[in-house]
Each structure stands twice: as C-alpha cells, then as structure tokens.
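Keep in mind that what you see is a predicted model, and the values were worked out from it rather than measured. Residue numbering restarts at 1 for every chain, and letters A, B, ... go by the order of the sequence lines. We use all heavy atoms of the structure for the numbers below, so side chains are in, but hydrogens, waters and symmetry mates are not.
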Number of protein chains: 2
Amino acid sequence: MTPQTPRTTPHTDALTLEVVELVGTVVARYHEEYEEAAAKHSLTGAQARVLALLSREPMPMRRIAQKLKCEPSNVTGIVDRLEGRGLVERRPDPDDRRVKLAAATEDGRETAGRLRASLNFAREPLAGLSAEERTTLRDLLRRMLGETP
Amino acid sequence: MTPQTPRTTPHTDALTLEVVELVGTVVARYHEEYEEAAAKHSLTGAQARVLALLSREPMPMRRIAQKLKCEPSNVTGIVDRLEGRGLVERRPDPDDRRVKLAAATEDGRETAGRLRASLNFAREPLAGLSAEERTTLRDLLRRMLGETP
DNA sequence: TATTGTTATACTCTATAACTATA
DNA sequence: TATAGTTATAGAGTATAACAATA
C-alpha cells in the first residue's frame with residue numbers, strides 16, 4: 001500500500017510529517033498544562049520538577065542538576081526558593097561532608113502529591129482510548145524511544 | 001478483557017500511568033533536541049519558535065504573543081534580538097498604523113529552513129516504525145488530542 | 001474609550017567563572 | 001589535585017503596570 005512513498009527518505013513523507021506535527025502538539029499541550037498546574041501551586045516549572053524529584057527521594061544537589069540537565073549553580077537558587085517556602089530542606093550527607101542532600105519536607109511531599117494529581121487530571125485525554133489502544137500506543141511509543149524489549 | 005480495571009478512575013491504572021510516563025519521556029527528549037538544534041544556530045528556544053512562525057508568514061506582534069501564549073511585552077524583546085541579527089524585520093501594516101508586522105528576512109527564512117531540517121533529523125526515531133505503524137500512531141495521537149474526524 | 005506596541009520593573013532560569021570546604 | 005556546593009555576574013524569558021500613538 002502507498003508504494004509511492006520514497007524509501008530513501010522515510011522521515012519526510014507526508015504521513016511522518018503529520019505524526020511529527022501531532023507529537024509537537026502533544027508536547028506543546030503537555031507543557032502548557034504542566035506550567036499551569038505548577039502555577040496553581042505558586043511554583044515555576046523548574047521548581048515543580050525539582051519538588052517532584054525530591055518527593056520521591058532525597059538527592060545531592062549535583063544529582064538534581066544532572067536530572068534537570070542544567071548547571072549545578074542553578075540548582076542552588078531553585079532549592080533556595082523551595083526551602084524558603086518550607087517545601088524542601090538541606091541535610092548533611094553522613095558519608096561525605098561536602099555533599100548536601102536536598103529532601104522534600106512533609107509539606108513539600110503534600111504539595112508534590114497535589115501537583116501530581118492535577119497533572120494526572122490534565123493528562124486525562126488518555127481516558128478516551130480503550131485498554132487495547134493504550135497498549136498499542138505504549139508499544140509504539142516504546143519503539144519510538146528506542147526501547148526494544 | 002482486563003475486567004479488574006476500575007472504570008471510575010480509568011486514568012490511574014498501571015497501563016495508563018506507563019503511557020503517561022512514556023509521553024513525558026517523549027516530551028523531555030523533544031524539548032532537549034529542540035533547544036539543542038536552536039543553540040546550534042545561536043538561537044534560544046523562544047527565538048527559534050518565533051522565527052519558525054514568521055518564516056511561514058508575517059504576523060502582528062500581538063499575534064505572536066498569542067501563538068507563544070505569553071504577554072505581548074515579551075515579544076518586543078524577542079523580536080528585537082532577532083531583528084538585531086538581521087533574521088527578522090518590522091514592517092508597518094497598511095490597514096492599521098498601530099500594528100507592526102514582524103516578517104522573516106531572506107536570511108531568517110534560510111536559518112529557519114536549516115533549523116527545521118535539523119529538527120526533522122532529530123525526530124528521526126519515527127523512521128523505525130513501518131508505514132502502517134505510523135498510521136496507527138497518527139490515529140491514536142489524533143484521538144488523544146481530541147481530534148475526532 | 002479601546003487597542004497596539006513599547007517601556008520600565010522585578011523575578012526566575014540559565015551558563016560561566018571564581019571561590020570554599022571538603023576529599 | 002579533584003570534587004560538591006556556593007557566589008557573582010550577565011543574558012534571556014516572563015508577568016505586570018504604565019505609556020504613546022492610533023483606532
């Protein structure tokens with residue numbers, strides 16, 4: 001079917017371009033809703049990401065920077081602001097006195113939980129798909145991401 | 001099938017959570033590669049988005065702000081910087097002297113073209129899917145986005 | 001009076017470089 | 001010496017409010 005599709009440039013045919021555009025739309029909408037959900041809790045996007053990270057487990061400052069793919073110096077300010085609001089605290093690392101472990105406080109974990117709940121609601125479009133369709137989508141996304149289990 | 005899935009919370013079952021996480025990964029990777037491609041042309045993400053917009057058609061400043069979902073005052077600075085590099089120019093609107101039309105220059109259109117080419121390369125993971133799989137992915141993404149044609 | 005674009009201001013995020021305290 | 005975190009600095013994006021020109 002559709003034999004006129006050139007095999008030498010498989011990523012520039014009309015179908016692929018349409019999928020690329022759809023992915024772009026998903027990305028845009030995802031980001032809008034993430035920022036919106038963060039703003040409802042008076043958090044910036046970066047602060048929300050760090051808080052979500054720390055709500056799972058405490059982490060050295062350096063590791064946060066790696067997760068965020070930014071310079072370590074930036075993390076200082078972000079954690080400063082979260083700490084100023086009582087959502088995060090800095091603890092010493094017993095094994096290495098150079099390291100500071102950033103950890104979510106009880107209040108921070110609560111906020112992170114509410115944030116995640118509102119995000120899940122934002123992602124609800126998936127509810128429109130049947131279980132079988134979600135399975136198909138999962139497999140296609142996995143393959144797209146290079147996970148070939 | 002899978003009747004144990006609670007119908008009251010269809011967006012919190014394990015399958016959906018996995019898809020949500022995969023979508024999150026796609027979003028993260030898409031953004032990384034977009035910023036990276038922009039940086040290769042010495043552009044920030046916002047500048048690249050505006051340039052891509054204007055390479056298609058000239059546009060009032062106000063409309064750029066709507067497309068970017070930001071305040072109009074921000075667009076002034078972004079267009080200033082693009083204009084300072086000769087990629088964009090401001091033209092008067094013949095129909096309304098309050099309006100300034102931002103338009104990509106020849107140089108700007110060229111840069112936007114190279115940017116898009118490098119983006120298509122970045123999105124090449126789609127090439128790993130067959131035409132049929134891409135069609136399926138397209139339809140699922142469409143439905144996820146609420147487009148029901 | 002309402003709208004368009006701009007300016008002024010303040011805050012956040014970002015990268016770079018230099019500093020400190022540990023290792 | 002090498003590493004972890006911080007500080008200092010500068011540039012960019014963001015929202016808000018006030019302004020000039022035009023409708």
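- Atom CD1 of B/Ile64 is separated from atom C1' of D/dG13 by 15 Å (rounded to the nearest Å).
- Computed from coordinates, the B/Glu89 CD to C/dG5 P distance equals 16 Å when rounded to whole Å.
- Using a 4.5 Å heavy-atom cutoff, the side chains of B/Leu137 and A/Met144 are in contact.
- Within 4.0 Å of B/Arg49, counting heavy atoms only, lies no atom of the nucleic acid at all.
- Rounded to whole Å, the distance from CG on A/Asp80 to P on D/dG5 is 13 Å.
- The pair A/Glu106-A/Arg109 meets the salt-bridge criterion, with a side-chain N (NZ, NE, NH1 or NH2) lying under 4.0 Å from an Asp/Glu carboxylate O.
- In this structure, CE of A/Met61 is placed 19 Å from P of C/dT20, rounded to the nearest angstrom.
- Side chain of B/Arg85 to backbone of B/Ser42: a donor-acceptor contact under 3.5 angstrom is found.
- At a threshold of 4.0 angstrom between heavy atoms, the contacts of B/Arg63 with the nucleic acid are absent.
- A salt bridge does not link A/Arg134 with B/Glu18: every distance from a Lys NZ or Arg NE/NH1/NH2 to an Asp or Glu carboxylate oxygen is 4.0 Å or more.
- In terms of position on DNA chain C, the residue among A/Arg81 and B/Leu101 whose nearest nucleotide sits closer to the 5' end is B/Leu101.
- Protein atom CD of A/Glu35 is 14 Å distant from nucleotide atom P of C/dT12, rounded to whole Å.
- For B/Ser73 and C/dA8, the shortest distance from a side-chain N or O to OP1 or OP2 is not below 4.0 Å.
- Regarding B/His31, its NE2 atom lies at a distance of 12 Å from the P atom of C/dT14, rounded to whole Å.
- Using a 4.0 Å cut-off, some side-chain N or O of A/Lys100 falls inside it from OP1 or OP2 of D/dT6.
- Residue A/Arg62 places none of its side-chain N or O atoms closer than 4.0 Å to OP1 or OP2 of D/dT6.
- Here the side chain of A/Glu83 pairs a donor or acceptor atom with the backbone of A/Arg90 at under 3.5 angstrom.
- Across D/dG5, D/dT14, C/dA15, the shortest atom-to-atom separation from the side chain of A/Cys70 is found for C/dA15.
- Between the A/Glu35 side chain and the A/Glu32 main chain, no donor and acceptor come within less than 3.5 Å of each other.
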Restricting both atoms to N or O, compile the protein contacts to nucleotides 21-23 of chain D shorter than 3.5 Å, with distance only.
unit_1, atom_1, unit_2, atom_2, d
D/dA23, OP1, B/Arg97, N, 3.0

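- B/Ser55 and B/Arg116 get closest at one heavy-atom pair: OG-NH2, 4.0 Å.
- Closest contact between the side chain of B/Asn74 and the listed nucleotides D/dA15, C/dA15, C/dT12 involves D/dA15.
- Place B/Gln47 and B/Pro72 on DNA chain D by their nearest nucleotides, and B/Gln47 ends up nearer the 5' end.
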